[in-house]
Structure formats: structure tokens, C-alpha cells
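Order of appearance sets the numbers: ligands from 1, and atoms from 1 within every ligand.
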Amino acid sequence: MNNHFDKQKITFRPLVAGDLKLLFKWLRSSHVHEFYDKDKEITLDNVSRRYLPKIKGEKPTDCFYVLYDNKPVGYIQKYFIKDWEDWSNILDYDDSVESIDLFLGDKSYIGKGFGSLMLSEFLNQVVFVDPKIKLCVIGPEPSNTRAIHVYEKVGFKYIKTVRLDGDTEDTYLMELNKVNSDKK
Ligand SMILES: CC(C)(COP(=O)(O)OP(=O)(O)OC[C@H]1O[C@@H](n2cnc3c(N)ncnc32)[C@H](O)[C@@H]1OP(=O)(O)O)[C@@H](O)C(=O)NCCC(=O)NCCS
């Protein structure tokens, strides 16, 4: 089912401290928690402790609200694998490779084609706008078949299954080359 959304109405804006309450609300909702930060205890304090340093630029992750028609409906973050030990201990990617994580916070948007559209727009509007970035990486859990299907639809290809340091679940590693990203 694809779709009645106007991609020109999808925008991304950096997260600010005032967004943390809504982020907390989304992270603790069951449809998100099932697949995102599921090993974390979701309290407002914890969410602030983990996301505020990223918002302030003290931790090397860029956080964005996904807006539809100026209304926040989801979250995406991007970062370099080489900057995070749990990833870089097992994966050797340089600074031409960015990784992303995402979810739709507003449940009413799920399963209507919005997730695929917001991901391809984020790649086009944000990730691959930087000429340095040649490859994007994403790592759903193997059991998250909906997310895997969406990432395949957008053009990501399965590489291998890995286990990051400290994780209790495997990561189903997928890659998208910049040269292939505009063919979807
Ligand atoms: C993953 C997510 C961003 C996808 O967004 P979405 O708007 O729900 O996805 P879309 O509607 O664009 O596409 C869903 C696709 O998956 C398919 N699908 C739905 N449930 C599925 C399942 N259990 N297994 C496989 N495919 C499934 C749909 O048929 C559709 O494919 P189609 O367009 O070929 O018919 C969103 O569902 C989400 O935020 N989920 C909760 C958090 C999460 O999983 N985040 C990702 C962490 S890696």
C-alpha cells in the first residue's frame, strides 16, 4: 500500500531539549519499545541522560524529529560506526559510512507506507547530501521482519548477522550504497 503521503511534507529537524518529553512518551509506547531500546528502562530521567548529551553535541550522534506537515511523528538518528565502541569493535567502517536508527512514534502512521517514505527521504535529504558519505548501514533485530522488509524496499541489502558488545539480541546488518539509493 503506497501511499497517500506527500513526500514534500516530510521534513527533519534536529532534536532540542524541549522534545525529550514526547520522545520519552514514544519510547515507552509498546509499538516502539518492542523493537527500539527494548533493553533500556524507559524513564524520563534515563531518556534525558542518554539523549541530552547527543542533543548538546557531547556524544557523536545526530538526533532528528521526523515531521509530517510540521507535526512530529517519528525519530531518526545517525552516527558514525567508528565513533561507537560497541559497533567499531566488530565492524571496520571508516568515515564514509553512516549508520541510522529510526521509529515511528505516532502509532497512527504505522503500516501505511510512511516509514518507507520517511527513510528514503532521510537518505536523500540528510545522509547522502554529504558528499563524503558513500554507504549507509542499518541494524534491525532479525525478528523485526517488518523493518527488514521496509529497508529492503528502500534498497538496503543484508550483509551478515552480528552481536554487538553488551547486546542481548543479534543485529541483522544491512547496507545501502549511495550509488544504489536513487534507483528505488
Ligand atoms: C519499522 C517502521 C519504521 C516501518 O514503518 P511503516 O510505516 O510501519 O512501514 P511501511 O508501511 O512503509 O511498510 C511496511 C511494509 O512491511 C510489510 N509488513 C508489515 N508487517 C510485516 C511483517 N510482520 N513482516 C514482514 N513484512 C511486514 C508491509 O506489508 C509493508 O510492505 P509493502 O509495502 O511491500 O506491502 C515502523 O513500523 C516502526 O517504527 N516500527 C516500530 C519501531 C521499529 O521497529 N523501528 C525499527 C527498528 S530497526
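- Considering Trp26, Tyr172, Tyr151 only, the shortest heavy-atom separation from atom 48 (S) of ligand 1 involves Tyr151.
- Under the ring-ring contact (aromatic ring centres under 6.0 Å, His included) criterion, Tyr68 pairs with Phe5, Phe114, sequence neighbours left out.
- Close approach of ligand 1 to Phe114 (heavy-atom distance below 4.0 Å) involves ligand atoms 7 (O), 12 (O).
- Close contacts between ligand 1 and Asn144 involve ligand atoms 43 (C), 44 (O), 46 (C), 47 (C) [criterion: under 4.0 Å to a heavy atom].
- With no hydrogens or angles considered, no side-chain donor-acceptor pair links Ser88 and Lys82 at under 3.5 Å.
- When each atom of ligand 1 is checked for a heavy atom of Tyr109 under 4.0 Å away, the hits are 7 (O).
- Taking any N or O of Leu102, backbone or side chain, at least one lies under 3.5 Å from an N or O belonging to ligand 1.
- Listed by number with element, the atoms of ligand 1 under 4.0 Å from a non-hydrogen atom of Pro140 are 48 (S).
- Less than 6.0 angstrom separates the ring centroid of Tyr51 from the ring centroid of Tyr75.
- At a 4.0 Å heavy-atom cut-off, ligand 1 touches Ile110 through backbone and side chain alike.
- In terms of N/O distances under 3.5 Å, ligand 1 is not approached by Ala147.
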Exercise. Check the pair Asp101 / Tyr79 against side chain to side chain donor-acceptor pair (under 3.5 Å), numbers first and verdict last.
Key: CA-CA 9 Å; Asp101 306 312; Tyr79 48 93; 3.0 Å; yes
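- Ile55 is linked by a side chain to side chain contact (heavy atoms under 4.5 Å, CB included) to Leu15, Leu20, Leu52, counting only residues two or more places apart in sequence or in another chain.
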